[in-house]
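First the structure, in the form of structure tokens, and then the observations on it.
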Amino acid sequence: MGYVCILCEKPSQARNIGGTLGIECKHDHYFEIKKSGILPNGATLVWSVGHSVSLKEPHEYDDKYETWRLEDLPIKPERYEYKEMRVNEIFSILCKSIWLKPK
């Protein structure tokens, strides 16, 4: 098994999971999880604050939806798209740096 990065929705969930798996080292925005039979290489457990992704707003599909008009409703794009929430930029940067960290 390769290295594992566990993503949690919120800090309390991370504390619960970390407490169960065994926290080796606590950092400001992530925990290092101890090596075990389940995780022979250990793991990194990170958490988000707020929602990680959201559906794009109507105006992000087409500028004509900046101002809503009754005749444009319902707004149903051919394909729904997601966007990363701004509050989680640090979360994404942290995940990438942890993920790429040599073990």
Side-chain angles (χ1 to χ4, degrees):
M1 176 189 294
Y3 194 72
V4 175
C5 183
I6 302 167
L7 308 175
C8 292
E9 181 182 18
K10 53 190 175 182
S12 61
Q13 181 186 35
R15 284 190 299 275
N16 290 339
I17 292 171
T20 301
L21 296 175
I23 297 171
E24 183 173 8
C25 189
K26 293 182 180 183
H27 300 275
D28 287 340
H29 298 284
Y30 69 98
F31 300 145
E32 292 179 37
I33 301 300
K34 295 177 183 177
K35 295 178 181 181
S36 67
I38 297 171
L39 297 165
N41 296 322
T44 300
L45 193 149
V46 298
W47 57 88
S48 178
V49 177
H51 297 285
S52 299
V53 295
S54 174
L55 287 172
K56 285 188 173 181
E57 297 291 330
H59 68 272
E60 293 174 294
Y61 290 99
D62 191 323
D63 289 337
K64 76 177 185 179
Y65 298 129
E66 270 302 332
T67 303
W68 289 20
R69 300 177 319 156
L70 191 57
E71 52 270 12
D72 290 333
L73 300 177
I75 299 171
K76 295 182 355 182
E78 286 185 33
R79 181 173 182 247
Y80 286 95
E81 296 178 16
Y82 298 92
K83 64 180 178 179
E84 181 178 315
M85 300 301 288
R86 184 166 175 74
V87 72
N88 286 300
E89 286 177 4
I90 190 168
F91 176 68
S92 294
I93 292 166
L94 182 63
C95 286
K96 289 173 187 168
S97 66
I98 291 169
W99 197 267
L100 299 174
K101 180 173 67 172
K103 287 287 174 182

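All values below come from the heavy atoms of this structure, side chains included, with hydrogens, waters and symmetry mates left out. Nothing here was measured: the structure is a model prediction, and the numbers come from that model.
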Nearest non-hydrogen partners of Y65 and P58, listed with the distance: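 The answer is CD1-O, 3.4 Å.
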Identify the two heavy atoms, one from W47 and one from D28, that lie closest to each other, and give their separation to 0.1 Å. CZ2-O, 3.5 Å
Once you measure the plane-to-plane angle for Y80 and Y61, does it fall in the parallel (<30°), tilted (30-60°) or perpendicular (>60°) bin?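 Because their plane-to-plane angle is over 60°, the rings of Y80 and Y61 count as perpendicular.
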Does a side-chain heavy-atom distance below 4.5 Å link C8 with L45?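 Result yes, sub-4.5 Å side-chain heavy-atom pair found.
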Does any pair with a residue in residues 62-71 pass salt bridge (charged side-chain N to carboxylate O under 4.0 Å, His left out), and if so which ones, sequence neighbours excluded? R69-E71, R69-D72
Rounded distance (nearest 0.5 Å) linking atom NE2 of H59 with atom OG1 of T67: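 The distance works out to 11.0 Å.
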From I33 CD1 over to E24 CD, what is the distance, rounded to the nearest 0.5 angstrom?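 Nearest 0.5 Å value for the CD1-CD distance: 9.0 Å.
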V4-I38 co-clustered via ILVMFWY side chain contacts under 4.5 Å: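 V4 clusters together with I38.
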Carefully, step by step, assess F31 and T44 under the rule side chain to side chain contact (heavy atoms under 4.5 Å, CB included). CA-CA 6 Å; F31 300 145; T44 300; over 6 Å; no
Applying salt bridge (Lys or Arg N to Asp or Glu O under 4.0 Å), can you list everything that pairs with E60, at least two apart in sequence or on another chain?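 For E60, the residues satisfying salt bridge (Lys or Arg N to Asp or Glu O under 4.0 Å) (neighbours in sequence not counted) are K83.
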Can C5 and V46 be said to form a side chain to side chain contact (heavy atoms under 4.5 Å, CB included), step by step? CA-CA 7 Å; C5 183; V46 298; 4.2 Å; yes
